[in-house]
Amino acid sequence: MRRWIAVLLCLGLLWVPAGAVAGTPSDWAKDEVEQAVQAGLVPQLTGDPAYQDTLTREQFAQLVVQTVEVMLGRQLTAAPAGTFTDCETPAVLKASEAGIIGGIGGGKFAPEQTTNREQIATMMARAIDYLEENSDLSLAPKAGSLEGFTDAAQVSSWAAEAMGRMAANGIMEGSGSALSPQNPCTVEQGILLLARLYDLSADDGPALPPAPTGVGHYADYPMVPDFGDMIGYTGEVMEGSQPQYNTVFYQYIADNASCCVANKLQKFFI
């Protein structure tokens, strides 16, 4: 995988509260879940579910919005208040505005309705489209196909393209030769799917925002004139870094700012 840097607009974007999900993940999911937590992909979820609980529409909105915001390095715009009569959760409004998750009709969102695998695949396909339209990423270039899956006939027609696309690009894996489209999706399964999406951005390269404007000078680290110059950096560990987390910190001072703004760069050498 290519070396890359995920630039985060604020440290709060990566902060994950202790106990964001109750209990511990299943053994088969533990490593990927822990990596997702460390990457800041797992926010506090409504209802404090356990990892093995079935994922609700509201909870998936919270997970997918968190992942998209981390990958883009910015907050998403929310739909207006009152978009749904039964849910005002900020992540739901953001997912709606981005076209990732829609309502069920009649002005309702059905936040507590549980999800299945084909529904999650469809929402993830929309999230990928949004990411690709708003960055230089190419996350799922392979065309979707259900060929070879023994239960392809069980996939709803509206979900066939999305499920095939997720399978072809290694995001959604079947059990043997089955995709199990109607099976419920658990919290830990949803986290794993989004973690795999996040990992694809490491293969493709960074999703970088534009270099900052109105910068008077960089404090402490004049060797870093802009975001782009950090790409592929393999030099000495810089002052202020935390090598145990593979992170490097720097500061810059904007002309119109009264204090320093700290930004965090995550470096991966893979």
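In this structure, Glu58 contributes its side chain and Thr89 its backbone to no donor-acceptor pair below 3.5 Å. Proximity of a side-chain donor or acceptor of Thr186 to a complementary backbone N or O of Gln189 within less than 3.5 Å is detected. With hydrogens and angles disregarded, a donor-acceptor distance shorter than 3.5 Å links the side chain of Arg196 to the backbone of Ile171. A side-chain donor-acceptor contact under 3.5 Å links Gln62 to the backbone of Thr46. A donor-acceptor pair under 3.5 Å links the side-chain atoms of Thr56 to the main chain of Gln59, judged by distance alone. Using modelled atom types, one side-chain atom of Arg126 and one backbone atom of Ile100 make a donor-acceptor pair closer than 3.5 Å. When atom types are taken as modelled, the side chain of Thr115 and the backbone of Leu55 share a donor-acceptor pair closer than 3.5 angstrom. Side-chain atoms of Arg165 do not come within 3.5 Å of backbone N or O of Thr122 as any donor-acceptor pair.
One distance of note links CG of Leu137 with CD1 of Ile128; it measures 10.5 Å at 0.5 Å rounding. Rounded to the nearest 0.5 Å, atoms OG (Ser135) and CE (Met71) are 7.0 Å apart. Rounded to the nearest 0.5 Å, atoms CG (Asn169) and CE (Met172) are 12.5 Å apart. Rounding to the nearest 0.5 Å gives a distance of 13.5 Å between OH of Tyr130 and CG of Leu139. To the nearest 0.5 Å, atom CD of residue Glu118 and atom OG of residue Ser157 are 9.0 Å apart.
Listed by first then second residue, pairs satisfying ring-ring contact (aromatic ring centres under 6.0 Å, His included) with a partner in residues 73-116 read Phe84-Phe109, not counting sequence neighbours.
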| request: Go through the steps for Thr24 and Lys30 under the test side-chain contact (heavy atoms from CB on, under 4.5 Å), then give the verdict. | output: CA-CA 8 Å; Thr24 57; Lys30 184 176 180 180; over 6 Å; no
| query | Under the side-chain contact (heavy atoms from CB on, under 4.5 Å) criterion, do Gln119 and Asn116 qualify, and how do the steps go? | reply | CA-CA 5 Å; Gln119 292 168 346; Asn116 61 27; 3.1 Å; yes
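Contact record, Gln154 with Gln182: O-NE2, 2.9 Å, taken as the closest heavy-atom pair. The two residues Lys94 and Leu76 make their nearest non-hydrogen contact at CE-O, 3.4 Å. When all heavy atoms of Pro25 and Gln52 are compared, the pair lying nearest together is C-NE2, 3.7 Å. The two residues Ala162 and Ala121 come nearest to each other via the heavy atoms CB-O, 3.7 Å. The nearest pair of heavy atoms linking Asp151 to Ser177 is OD1-O, 4.2 Å. Across every non-hydrogen atom of Ala61 and Ala95, the tightest pair is CB-CB, 4.3 Å.
Residues satisfying the side-chain contact (heavy atoms from CB on, under 4.5 Å) criterion with Glu88, sequence neighbours excluded, are Ala81, Leu93. The salt bridge (Lys or Arg N to Asp or Glu O under 4.0 Å) search around Glu161 returns none, not counting sequence neighbours.
Within the 4.5 Å cutoff, the side chain of Pro90 has no heavy atoms near those of the Val92 side chain. Looking at heavy atoms from C-beta onward, Ser96 lies in side-chain contact with Thr83 at the 4.5 angstrom threshold. Here the side chains of Val42 and Gln66 are not in contact, with every heavy-atom distance at 4.5 Å or above. Using a 4.5 Å cut-off on side-chain heavy atoms (C-beta onward), Met124 and Val64 make no contact. Here the side chains of Leu63 and Ile191 are in contact, with some heavy-atom distance below 4.5 Å. Side-chain contact between Leu131 and Leu197 is present, with heavy atoms from C-beta onward closer than 4.5 Å. Under the 4.5 Å side-chain criterion, counting only non-hydrogen atoms from C-beta, Leu193 is not in contact with Met166. Within the 4.5 Å cutoff, the side chain of Glu112 has no heavy atoms near those of the Asp86 side chain.
Taken together through direct or relayed side-chain contacts under 4.5 Å among Ile, Leu, Val, Met, Phe, Trp and Tyr, Ile120 and Trp28 form part of one hydrophobic cluster.
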